[in-house]
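Beneath this line is the structure, given in structure tokens, with notes to follow.
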2 protein chains.
Amino acid sequence: MTASLDTVFAALGDPTRRAILSMLLEDDMAVTDVAEPFEMSLAAISKHLFILVNAGLITQEKRGRVKWCKLEPDALKQASVWMQGFGQFEPVNLDDFERFLAAELGEDANDT
Amino acid sequence: MTASLDTVFAALGDPTRRAILSMLLEDDMAVTDVAEPFEMSLAAISKHLFILVNAGLITQEKRGRVKWCKLEPDALKQASVWMQGFGQFEPVNLDDFERFLAAELGEDANDT
DNA sequence: CCCATCTTCAACCTTTTGGTTGAGTATGAA
DNA sequence: TTCATACTCAACCAAAAGGTTGAAGATGGG
């Protein structure tokens, strides 16, 4: 909603929230399912999700008892444009991304 | 140095720090000159600069009494790659950037 | 209706963040 | 030497962030 650079970058500054975004990249998820891999309470995840909603990075839709979380990648666009003003980074390198994503999930979202 | 996604995104989450980066885009600057436009103490700016150094977003070099601050745009690359994994944003749109930059400077770095 | 499930709310706690002030260090200039 | 400039350090403070727990609100199922 607000989606200022402040709220977007601040939201991205937390590894739990980045992991959540990565998970939602694969599919929409219910709140409980989002929380499952993490070693923290459901309430804590609920707060993280609220922060992501506030940054415009996800939306939530309640169907029945279940609240579905959906990634909204367009919210990253403004931030991406801001960053690219600092350097001509090669546009989209998905190989690099896959590696970073794997590292992120490996470090932050493991439930071992 | 550390330059994890955590530290980079967290550093970018503060409008003062983003404004500093925008200023350094034009030229290297001494700490005192960086602080000048802001309505906060030099010590506060010094701390912000330390956070930016820690995130790898700037480097500092002391020559004589003066400590020069230099932008290190490459530190944004990893974060940029991460973000681009969430959407195929048009690579570099400097027009958009100029507008956001102007808005940022107008809102955050005014000393009226 | 009764119960289980999904999610949030409220109160609380600890740590971090972002700021202040005053003193201290290092350097250059006269 | 003496003084001003450039910057950081240390102590402190208020507010925000990130977590907990227990209770409560919706909703669907039997």
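Chain letters run A, B, ... following the sequence lines, proteins first and then strands; every chain starts at 1. All of these numbers come straight from a predicted model, not from anything done at the bench. FYI, side chains are in, hydrogens and waters are out, and symmetry mates aren't considered; it's all heavy atoms of this structure.
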* To do: Tell me whether A/Met83 is reachable from B/Leu25 by hopping between hydrophobic residues (I, L, V, M, F, W, Y) whose side-chain heavy atoms are closer than 4.5 Å.
  =>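 Yes; A/Met83 is reachable from B/Leu25 via cluster members.
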Rounding to a whole Å, what distance do you find between [X]:[atom1] and [N]:[atom2]?
X	N	atom1	atom2	answer
A/Phe38	D/dG19	CZ	P	10 Å
A/Lys67	C/dC6	NZ	P	15 Å
B/Lys62	C/dG28	NZ	C1'	11 Å
A/Glu61	C/dT7	CD	C1'	16 Å
B/His48	D/dC9	NE2	P	16 Å
A/Leu42	D/dG18	CG	P	17 Å
B/Asn54	C/dT17	CG	C1'	14 Å
B/Ile58	D/dC7	CD1	C1'	14 Å

* Asked: Contact class for B/Ala30 vs. all strands (heavy atom < 4.0 Å): base, sugar-phosphate, or nothing?
  ->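 Sugar-phosphate: the residue B/Ala30, judged by heavy atoms under 4.0 Å, touches backbone atoms but no base.
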* Asked: Heavy atoms under 4.0 Å, any strand shown: does B/Arg17 hit a base, just sugar-phosphate, or nothing?
  ->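 Touches sugar-phosphate only.
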* Sidechain-backbone polar pair: A/Ser46 side chain, A/Leu42 backbone, donor-acceptor under 3.5 Å ->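 Checking the backbone N and O of A/Leu42 against the side chain of A/Ser46, no donor-acceptor pair under 3.5 Å is found.
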Which one, [options], comes nearest to the side chain of [X]?
X	options	value
A/Thr16	C/dG19, C/dT7, D/dG19	D/dG19
A/Ser46	C/dT20, C/dT8, C/dA29	C/dT8
A/Val66	C/dT20, C/dG18, C/dC6	C/dC6
B/Arg65	D/dA4, C/dT20, C/dT7	D/dA4

* Asked: Can you tell me how far CG of B/Asp27 sits from NZ of B/Lys70, rounded to the nearest 0.5 angstrom?
  ->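 Answer for the NZ-CG pair, B/Lys70 versus B/Asp27, is 9.5 Å.
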* Interatomic spacing from NE2 in A/His48 to CG in A/Asp14 - rounded to 0.5 Å ->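 Between A/His48 NE2 and A/Asp14 CG, I get 4.5 Å after rounding to 0.5 Å.
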* Asked: Would A/Glu61 and A/Arg63 pass as an ion pair if we require N to O under 4.0 Å?
  ->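 A salt bridge links A/Glu61 with A/Arg63.
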* If you pin B/Trp68 and A/Ser41 to their nearest nucleotides in DNA chain D, which one's is more 5'? ->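 Its nearest nucleotide being more 5', the pick is B/Trp68.
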